[in-house]
Asks: 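Pasting a structure below so you can have a look.
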Amino acid sequence: MPRIFGLADCNNFYVSCERVFDPTLKRRPVVVLSNNDGCIIARSEEAKALGIPMGAAFFEVRSLIRRHRVEVFSSNYALYGDMSQRVMESFAAFTPEVEVYSIDEAFLGLDGFSGRDIAAYCREIRAKIGQWVGLPISIGTAETKTLAKLAARLAKKSPGGVFDLSSSPLRRRLLAATEVGDVWGVGSRLARMLKANGVHSALDLHDAPDAWIRKRMAVTGLRTAMELRGVSCIDLERQPPPRQTTVVSRTFARPVERLDELGDAVSTFAARAAEKLRRERLVAGNVAVFITTGRFAGEERRYANGATIAFPGPTSHGGEIIRVALGGLERIYRPGYRYKKAGVMLLDLAAEDRQQPDLFAPPARERDRRVIKALDDINRNLGRGTIRYGWPGAGPGWRMQQRRLSPGYTTRWTDLPVARG
DNA sequence: TCTGGGGTCCTAGGACCC
DNA sequence: TCTGGGGTCCTAGGACCC
């Protein structure tokens, strides 16, 4: 029996959430802004029609917004998260197979309903979500997740907000009318490469030879092509896989220059990250801190750096995480720059109850890893080239390693930000 | 002046061990 | 000191997603 997947997608999710709490916003242009009110992250249909692009900097479209009296909201993630949860829980009334894919999307397993008119069933789901939660959604259905994503795009423009691609006699024609870059799994880089090679539509990719796809797009690309052909390669994931990393980072409203101010920010980020960890009963093995100057600084001197530090043992202890993160910050901070962004990332997450020390990691190897990590942090921010480094006492003579580093950058082992043992 | 935040996966290539 | 293959682990970098 062929699989049938549905993709349910909330329309203009953040804007729709705001409308639930203020119905006078209906049929008016509305946008929602990112943190610091920096740029546009959600638009109502009316706002899209005015030509306000997704991701536009707020200051760039300010006059347009004023002229057309667009309603503007700062984002309210607590509200959106709560609304999202209500929608996702509502889906469970219609199928036991629900994969929460993002804050505003879920894949639904609809196999069991093959005997029924699938589109009619989806219209029922849509009506009930509208009634129970007050949010408009669209649902696309097909034999694979990739096709269901395409179907959901078509559903947005269909009367009734539902589209079943599995039974559509127009399938080839619809694929031909879909830009290859609009296919799930084909981003801007691959789209450019594909177009340069004459693959313009989803149908072109569907028809391309496997060997060519494998060579140019790796296995993920091949999987995408197979999915376009109706062969399901990406299954539903009812339980989310365990989290591997968590990040708290922010762009500052104003440039920050002083170490103590950066320290305040980093402490806050570290504390939040630690909270996330404890909420999910996880522990972290490493913490990374990073700071950067602006991306749009023009002539200004740029600087970006990060440091990764291993905890003595896996931890979720807020105080410890803050302390270690601040230590990392001190290592990478350079005065005289205008910093625009900082962040703290917790790595190597594991379930709290299964933590055990790694009994098999010899100390020398641990040190080796830390040196390489420290160098890679430098490396990542400076570019390519080659350096050699080592330290005395590691066997006969110095142990030497090679790492790529930026041209023109030289260092001696004594320069390295590590303790010598 | 003002340009988001948080994730995952795949591959190539080096280190290391036998 | 050189030769060499096979396997594993690790990382950066590049790609993707919302």
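The chains referred to below are lettered A, B, ... by the order of the sequence lines, with proteins before strands, and numbering in each begins at 1. Side chains are part of it too, since the values below use all heavy atoms of this structure and drop only hydrogens, waters and symmetry mates. These numbers come from a predicted model, not from an experiment.
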Asks: If the condition is salt bridge (Lys or Arg N to Asp or Glu O under 4.0 Å), which residues does A:Lys340 pass it with, not counting sequence neighbours?
Replies: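 None.
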Asks: If I take atom CG in residue A:Asp182 and atom C1' in nucleotide C:dC18, what distance separates them, rounded to the nearest angstrom?
Replies: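 Interatomic distance, CG of A:Asp182 to C1' of C:dC18: 15 Å.
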Asks: Hunt down any stem DNA chain C takes part in, defined as 3 or more consecutive Watson-Crick or G-U pairs whose two distances are each under 3.5 Å.
Replies: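 Listed by first number, the stems are B:5-18 with C:5-18.
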Asks: Give the residues of residues 92-109 of chain A touching DNA chain C, defined as any heavy atom closer than 4.0 Å, sorted by residue number.
Replies: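 When residues 92-109 of chain A is checked for heavy atoms under 4.0 Å from DNA chain C, the hits, listed by number, are A:Tyr101, A:Ser102, A:Asp104, A:Glu105.
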Asks: Please table the atom pairs, donor to acceptor, closer than 3.5 Å between any side-chain atom in residues 64-71 of chain A and protein atoms at least two apart or in another chain.
Replies:
| residue | atom | partner | partner atom | Å |
| --- | --- | --- | --- | --- |
| A:His68 | ND1 | A:Leu64 | O | 3.2 |
| A:Glu71 | OE2 | A:Arg28 | NH2 | 2.3 |

Asks: Would A:Thr251 and A:Asn36 count as having a side-chain donor-acceptor pair, cut-off 3.5 Å?
Replies: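 Looking only at side-chain atoms, A:Asn36 and A:Thr251 do not form any donor-acceptor pair under 3.5 Å.
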Asks: Base, backbone or nothing for each nucleotide of nucleotides 2-7 of chain B, written B, S, -, heavy atoms under 4.0 angstrom, 5' to 3'?
Replies: BBSSSS
Asks: If the condition is salt bridge (Lys or Arg N to Asp or Glu O under 4.0 Å), which residues does A:Glu237 pass it with, not counting sequence neighbours?
Replies: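 In terms of salt bridge (Lys or Arg N to Asp or Glu O under 4.0 Å), with neighbours along the sequence ignored, A:Glu237 is linked to no residue.
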Asks: Figure out the CG/P separation between A:Asn286 and C:dA12, and round it to whole Å.
Replies: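 My rounded result for the distance is 11 Å.
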Asks: Considering only residues two or more places apart or on different chains, which pairs with a residue in residues 312-348 of chain A satisfy ring pair (Phe, Tyr, Trp, His ring centres under 6.0 Å)?
Replies: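 Applying ring pair (Phe, Tyr, Trp, His ring centres under 6.0 Å) to every pair that reaches into residues 312-348 of chain A, excluding sequence neighbours, yields A:Tyr303-A:Tyr337, A:Tyr333-A:Tyr339.
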Asks: State which residues pass salt bridge (Lys or Arg N to Asp or Glu O under 4.0 Å) with A:Arg223; sequence neighbours excluded, sorted by chain then number.
Replies: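 Salt bridge (Lys or Arg N to Asp or Glu O under 4.0 Å) check on A:Arg223 returns nothing, list empty.
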Asks: For A:Leu33, which contact category applies under a 4.0 Å heavy-atom criterion: base, sugar-phosphate, or nothing?
Replies: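 No contact.
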Asks: Apply side-chain contact (heavy atoms from CB on, under 4.5 Å) to A:Ser249 and list each qualifying residue two or more places apart in sequence or on a separate chain.
Replies: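 Here the qualifying residues are A:Val247, A:Phe290, A:Lys341.
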Asks: Among residues at least two apart in sequence or on other chains, which ones pass salt bridge (Lys or Arg N to Asp or Glu O under 4.0 Å) with A:Asp210?
Replies: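 Salt bridge (Lys or Arg N to Asp or Glu O under 4.0 Å) list for A:Asp210, sorted by chain: A:Arg229.
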Asks: Atom CG of A:Asp348 to atom P of B:dT8: distance rounded to whole Å?
Replies: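 Interatomic distance, CG of A:Asp348 to P of B:dT8: 12 Å.
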Asks: Regarding A:Arg243 and A:Glu280, does a basic nitrogen lie under 4.0 Å from an acidic carboxylate oxygen?
Replies: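 Judged by the 4.0 Å cut-off on N to carboxylate O distance, A:Arg243 and A:Glu280 do form a salt bridge.
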Asks: Base, sugar-phosphate, or nothing for A:Ser188, non-hydrogen atoms under 4.0 angstrom?
Replies: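 The answer is sugar-phosphate, as A:Ser188 gets under 4.0 Å only of primed atoms, P, OP1 or OP2.
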Asks: What I want to find out is whether A:Glu45 reaches A:Lys48 closely enough, with some N-O distance under 4.0 Å, to be called a salt bridge.
Replies: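 The answer is yes: the pair qualifies as a salt bridge.
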Asks: If we take the C1' atom in both B:dG4 and C:dC17, what is their distance in whole Å?
Replies: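 The same atom, C1', in both gives a distance of 15 Å.
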Asks: Tell me which residues in residues 193-231 of chain A lie within less than 4.0 Å of DNA chain C, going by non-hydrogen atoms.
Replies: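 Per residue number, the list is empty: none.
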Asks: Examine the side chains of A:Thr141 and A:Asp164 and answer whether a donor and an acceptor come within less than 3.5 Å of each other.
Replies: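 Note: A:Thr141 and A:Asp164 side chains meet the donor-acceptor criterion.
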Asks: Filter on ring pair (Phe, Tyr, Trp, His ring centres under 6.0 Å), then keep only pairs touching residues 198-231 of chain A, sequence neighbours left out; what's left?
Replies: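 Checked against ring pair (Phe, Tyr, Trp, His ring centres under 6.0 Å) - neighbours excluded - no pair reaches residues 198-231 of chain A.
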Asks: How are the rings of A:Tyr101 and A:Phe107 set relative to one another: parallel (under 30°), tilted (30 to 60°) or perpendicular (over 60°)?
Replies: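 Perpendicular: the ring planes of A:Tyr101 and A:Phe107 meet at over 60°.
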